[in-house]
Structures are given as structure tokens and as C-alpha cells.
Amino acid sequence: MGQSEEDCFPTQLIDGKGEFNVEGLDTFVKKTKLSDSGLSYAVVAIMGPQSSGKSTLLNHLFNTSFKEMDAFAGRSQTTKGIWMAKCVGIEPFTLVMDLEGTDGRERGEDDTTFEKQSALFALAVADIVLINMWCHDIGREQAANKPLLKTVFQVMLRLFSPRKTTLLFVIRDKTKTPMDRLEPVLREDIQKIWDSVRKPEAHKNTPLSEFFNVEVVGLSSYEDKEKVFKQEVAELRQRFFHSISPGGLAGDRRGVVPASGFSFSSQEIWKVIKENRDLDLPAHKVMVATVRCEEIANEKLHHLATDESWLELQKAVEGGLAPGFGRKLSSILEKYFSEYDAEAIYFDEGVRKEKRLLLKSKALDFVYTAYATMLGHLRSNALESFKVRLEQYLNQGKGFANAVRDSQQSCLLVFDKGCEDAAVKQATWNASKVREKLCRDIDSHAASARTAKLSELTANYEKRLTQALSAPVESLLEAGGKETWPSIRTLLKRETEAAVTDFLDVVTGFELDHATTDAMVQNLKDYSRSLVEKKAREEAAKILIRMKDRFSTVFSHDKDSMPRVWTGKEDIRAITKDARAEALSLLSVMAAIRFDESPDKIESTLFSSFMDGTVSDTSSHNRSMGTSTDPLASSSWEKVPPKDVLLTPVQCKSLWRQFKSETEYTVTQAISAQEAHKRNNNWLPPAWAIVLMIVLGFNELMMLLRNPLYLLGLFVAFLLSKALWVQLDVPREFQHGALAGVLSVTSKFLPTVMNLLRKLAEEAQGKTTQGVPEYSASQSYRHQSPSHSVSNTVAESVSSNISSLADDDAEYSSPAPVQRRNTSNVRETEITEM
Ligand SMILES: Nc1nc2c(ncn2[C@@H]2O[C@H](COP(=O)(O)OP(=O)(O)OP(=O)(O)O)[C@@H](O)[C@H]2O)c(=O)[nH]1
């Protein structure tokens, strides 16, 4: 012997009670590295009667260290259950199992259960089964090996598809009878036993050779001829080298379980045997393959999840773009897939492929998040790049549509390259969905950018139109003449067309459809019109002020635009009429928007209503007749669309009334001014008074002429008379008849003379006292009570003039009672101050 246990690792696989030593087997597999052998391993089992030298043979044949019986201690059972060990020095890996001997005294004759179970196990697991038998048992009816063989054949038939096992009969203690003569006898015995075994219908006529290769070898007695024994064993050992190669002892074996599945396979087989179930080896093989491939796949997945390269790549992707992502990840995956392939290669192909697909799917699922993150980075980067490029192109003056196209093209190119770089070789992942999303994002951004740019563009053109139209239109409306609306139309058309032409030039770059472009152009045109409309409405709101201004301008200035001086020669009635006509013209201009040239009757209606007086007459007449045909009693103008109406006829009517009321004061002022001017220039008494004075005062005149002192006195008397004339307001007193005049003058004469004399005296006295201001005639004139009477007289005169002007306007010009009263008050004040 002499072999150390470290070399062959003898291990009890199944103990005497039938318990499988899983832990022991795993340790054995690990220590012997059996799993690495793939299919390059052989399993040899030996069975035979108890104490028939099985262990001795194995130890010599395979350099193992199974326990052997000590011959001097008596013949008893040495091997219990099933032991196993690695054959030392045999290539490829050969595993040998030493089975508990049959016919043992220890279990009793009737207990053959374990014997059968272990025999079935050996047939299911081993490629070569050594059947140890004494030479003298050959040909004997009662030989110890006959029940054994019967058992072997019976259990073999329980395998659905038995492996092609090599039965190597080892004839111990061979005699001088040559093996050539013994072997046929033995084969005959074997055949007889095969024939006697009850077989299932399917195998009724199946020959023994279908399931077994039968080999026979004879060995001399170890005890008697040890040297020869060793020599023969050494020769036999040679047959175990490359036993699984074609032509070897187990060259035609079938259904080998890969070495990495040996442990699980043998456990399962023993389990089935113990449960006394039928052992379907092909199904078992698939089952082993399934379990093992799954184990291998799971192991690979586990390693992948903790792979350092993978963790590094995953971290990089979480932080942003990871260059070479696809290449790196493919390499990592390839490593584990290759390992799986290498480890699972000997398992059932169908199962192996199926489990590989599963592994691939799980591995790809596992890394997909990182891939998706990578695509997410690519997508967001591409979108950002699109935004930047678009802005750059637009800043460079590129047309919008072209800029979008070029930006999209270049950023998609970068995205596609990125996707190529991120592509994982083992996966069929498609980045098209992400690309579609990117395209949608790009479209969305382009659309919002286009909307923003178009809004900006429109705003610019609207601003331009505002600048081009606003002030000129306002100025034209302020001018308010016949040419106002034609000029506005010309201006509107010219500026709008210029803006539209330029707008179309710019908007071409957006490549909008015709409908959109037309709508935008129409919006621009509408904007221009709305601008004019807005201005017109603003001006219409200020029409009263404008009318008054216009009135005031025309009324207060002559043809040469010089301010009028009311000398009394002016025809206030005509001037007032002209000024009102101008104001009315302005009102007619502002009454409606005239975007087209179609004529309307606004001006004629207003003039006929307010200036000719015909309407008022007609109105009065109609009122008296109970009918109403007043053209201004309406909220719309004939031939003017409601939307273009700025001031309805009713509003015009009201405005005109207000205008007249508010301009009346100006006219009053003018009349007052004219009266005052006249009065100041008319200092001579009336002619009849002069004649009377000459007739009655002829003698006095002559006396005066003769005496210069009288002349001086006369002059003084004249001055006094003049003062009294003015103070008494003689012409006015005589307006209502001579008698009334004389009575009035007479009644006022004495108080006036007294008052005058008193004031003259006071003045004379004041001159002698210091600090007394000089008394002025004008002051006296202003503060005298008769002056009040004069004022009243002048006011009445002005009032009568206004009344005569107002008569022209009949009912329209009648101011409200309150207004009249106010006006009268103002008139009084103004004139008093003059
Ligand atoms: N006559 C004879 N005796 C042998 C031979 N080989 C071994 N023996 C003896 O047989 C006895 C049993 O040997 P083992 O090798 O323990 O036999 P075994 O079959 O393994 O015994 P169990 O494991 O108990 O079944 C020992 O005393 C050996 O010396 C042989 O070739 N001829």
C-alpha cells in the first residue's frame, strides 16, 4: 500500500445504514478538483462477496488506501456501506467505489436490500463494474456470485435506459486451468443468469451485450503468489489508463454526467433508489443538467453583480457619459457567459442552451438600467447640443427651418454615434425608442422656439408699425380735415405693405405653410388697422376738446393766423359760423373710421342739422306733426358699419350741444370786447344834443368868445357835463323814450352831482394831506353806483347779440337755464373788470 490518504482521499459515500454523506462527497469533490474534469473522468465500482479481497485488489490496482481486513484477526466485514477514493496515478481522473461485500454474516441472509440498492447505485453511476469472484466458484451451481449477478441484472432492468456498463469479472486465486477454458464457462454462467432474469416486455429478446461489455481477467492468489499477483495487477492497471477513450475499457459508455454534476447526480440517484422508485437515467441526466446549469448561471450572475469592473462602470454611468460603455460592458458579460459555457458544456445541450439564454436574459436585465441611464445621458446631451446649435445658427442669421434641420442632423449624428458606442454586443437592445423621444423633444423645442421667434418677430413688426403709424395718424386726426381719412388710408396702406413685404422676407426662413403665413400677414394687417382704430377712438374721446380748440383757433385768429383785435368792425356772427363749421367738420371726420373709400353722409347730415338750421325747423315741424325724421336720432350712421362708428349721431348731437354751450363764452367775450372798444371810441354826445346845446347856449357861447375867462369856465363846464353824461349814461336812459329819459336823468342828476362834488372835495382835501392816493376818474368810474347800471346795460347789449346768433341754431343752440345763468354771471364779472 503505502499511499497516503492525502492522495486518494478515501471517503465513505454511503454509510452502512444507507445515509448519503453529502458533506463528505462535497469535500472529496473539492479536494480532488473532480468538478474541473468535465466529462474526462471515469467511475469504477467493485462488488463481490464479503472478504473476497476487494479492498486489497483496489489498493494494489489504483494505489488507494481502503481499509483491508486483517487476516490474522479473523474474517469479518471490513467495508461497510460504500466507500470511494481517487485512483492515484490513473489518467484521466478515475474515481473508484468499494461496495460493501455481499452475503455478509452481519446483515443476515434475508437482508439483501442494501445489497440490491448498492448494486443498482453502482450500475447507475459507474462506467466499469468489477465483479470479484473466486475462481473455484466458476461453473458451480451454488456459487456465491450467482445471486449477485442475478441481483445486478434485475436492478439493471429497472433503469429505463441503462448505461453501457463494462462488467469486468476478476477471477481471484486462479488455478492452473487456463483462462481460455474458464472464460467460456463463466460467460455461459452469466448468459444463463441473464436468461433466467425476468425482463420487461420491451427487453424480452434484448441480448446481454446491449447493456454490458463483459470482460474477464484472472489473478493469482495474493496470499500464495503475491509477486505474481502484483505483476498481474500491474498489467490490469494499464487497462484503466484512458479507459474512457475509444477502445478503452469504458470506451462506449453512455449518458455520462459531467463531473461538476457528479455530486448532485449521485445524491439524487441514491435518493431515488432509496425511495424504491424507477430510475430514469435520461430524465435524471436532464434534471441534473437543469439544476447544475441553473447553479452555474446563478453563480455567474452573482459574480457579475460584484464584479469590480462592472461596479466601476456603473458608477461612471451614474455620474454622466461613460466612454466605451458598450465595449466594456460587453467584455464583462462575455467573461461570465464564457465561464458558463465552459462549466456547463458537458450538460445536456438543450438544458444548457436554455439556461444560457436565461442567464443572458437575467444578466442583460441586470445591466439594462445602466444602459438606459447611458442612453438618457446621450439623449439629454443631444437635446442640449441641439438647443445650443440652434441658437448659434440663428445668431449667425441662418433661416429658422434650416437652422433646426442642421442642428437636428448634427445632434442626431452625435446621438447615433453615442448609441453605437453604448451598444452591448450580447444584447439586441434598440435605441430607436430613445431616439424617437429625442426627436419628439427636439420637435417640441423647435416648435416652442419657433413660436417664441415668431412672436418676437411679430412684436418687432408691430412695434415698427406702431412707430410708423401712431404719431402720424394722431397728427392727421388732430388736423381733422377732408383729407384726413384718405391720408390715413394712404399711410396705412404704404406702411402695412412695407412691413408685410419685409415680414414675408424674414418669415420665409421659417418655411411655414401658406395658411399660417397668410394668417400671420393678416394679423399684421389687422394690427395696423386696429392701431389706427385705437388712435381714432382715443381722438374721438377727446373730440370736444379738439372741437373747442379748433373753434378757438378759427375764432380768435384772422386769415393770416394773427390774433384778432375786436375793433367793432368784425362780423362776429360770420366768424362764429366759420369757427363752428370748422369744429363741425372735425366732428364729422371723427364720427367714423373710414378704412375704405365708400362715401358716407355723416358730414352732410351734421352740417344740415347744425349749420343750415333746416333740420331744426324740420324737427320742430315734425314734432308738431307728431312724426320723427331727425337723422341724428339714431345710434348708427347710414352706410357705416357699426364697428366703424366712433361717435353715433346721438353722441354727435349731444357733443354739439355741449360744444356750443362751452364756446358761447368765447363769443360773449368777443362781443363784450367789441362793445367796449366801440364805447371807448365814441366820446362825442349825440348830434341832436350838440345842436340843442348850440341853440340854447348861443348867447353864452358868444359871451364866452368875447371873454376868455368865460371860455375857461365853459371848458370846465364841458368837463363837468361830460362827466355827468357818462355818469348818468344819458344815451341809455333815452333809449326807452325821451320822457322816460328826462325823468330818469332828472331823478339821478342831483345825487350824482352831489356825489361828484363830494368826491372832488375829498380829492382836493386829500391832496393837502400826505399819503392820500390820487383820485382817478377811472377808479371813480369803476366804483360809482351808476357804473353798475352801465355794466348792466353793456351786458344786456352783449346778451342781445348772442341771442341774435343763437336764433340761428333754434332749439339746438338753446343753452340750459343753469348754463345761461352762469354765463350771465361770468359775463357780468368779465365786463365789470374790463
Ligand atoms: N486467498 C486469497 N486471499 C486474499 C487475496 N487477497 C486478499 N486476500 C485476503 O482476504 C482477506 C480479506 O481481504 P479484503 O481485501 O479486506 O477483502 P474485502 O473483500 O475487501 O472484505 P470486505 O470489505 O469485508 O468485504 C485478507 O486477509 C486478505 O489478505 C487473494 O488474492 N487470495
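Each residue takes its place number in the sequence, starting with 1. Numbering of ligands and ligand atoms starts at 1, following listing order. All of these numbers come straight from a predicted model, not from anything done at the bench. Every heavy atom of this structure was used, including side-chain atoms; hydrogens, water molecules and symmetry mates were not.
- Heavy atoms of Arg172 found under 4.0 angstrom from ligand 1 belong exclusively to the side chain.
- Formation of a donor-acceptor pair under 3.5 Å by the Arg253 side chain with backbone atoms of Asp127 is not found in this model.
- Near Ser221, meaning under 4.0 Å from one of its heavy atoms, ligand 1 places the atoms 1 (N), 2 (C), 31 (O), 32 (N).
- Considering Gly48, Gly101, Ser51 only, the shortest heavy-atom separation from atom 22 (P) of ligand 1 involves Ser51.
- Among the atoms of Gly53, some N or O lies under 3.5 angstrom from an N or O of ligand 1.
- For ligand 1, none of its N or O atoms has an N or O atom of Asp98 under 3.5 Å away.
- For the pair Tyr222 and ligand 1, the shortest N or O to N or O distance falls below 3.5 Å.
- Every atom of ligand 1 with a heavy atom of Asp173 under 4.0 Å away is listed here by number and element: 1 (N), 2 (C), 30 (C), 31 (O), 32 (N).
- One side chain, Asp195 or Gln191, offers a donor N or O that lies under 3.5 Å from an acceptor on the other.
- At a heavy-atom distance under 4.0 Å, atoms from both the backbone and the side chain of Thr56 approach ligand 1.
- A salt bridge links Lys174 with Glu232: the closest approach of a Lys/Arg side-chain nitrogen to an acidic carboxylate oxygen falls below 4.0 angstrom.
- Taking 4.5 Å as the limit, every side-chain heavy atom of Thr94 sits out of range of all side-chain heavy atoms of Lys86.
- Aromatic pair Trp310/Phe366: ring centres closer than 6.0 Å.
- For ligand 1, the polar-atom distance check against Gln50 finds no nitrogen or oxygen pair separated by under 3.5 Å.
- Remark: Phe153 engages Trp194, Phe212 in a ring-ring contact (aromatic ring centres under 6.0 Å, His included) (not counting sequence neighbours).
- Checked against the 6.0 Å centroid criterion, the rings of Trp83 and Phe66 do not qualify as a close aromatic pair.
- Annotation for ligand 1: atoms under 4.0 Å from non-hydrogen atoms of Ser52 are 17 (O), 18 (P), 19 (O).
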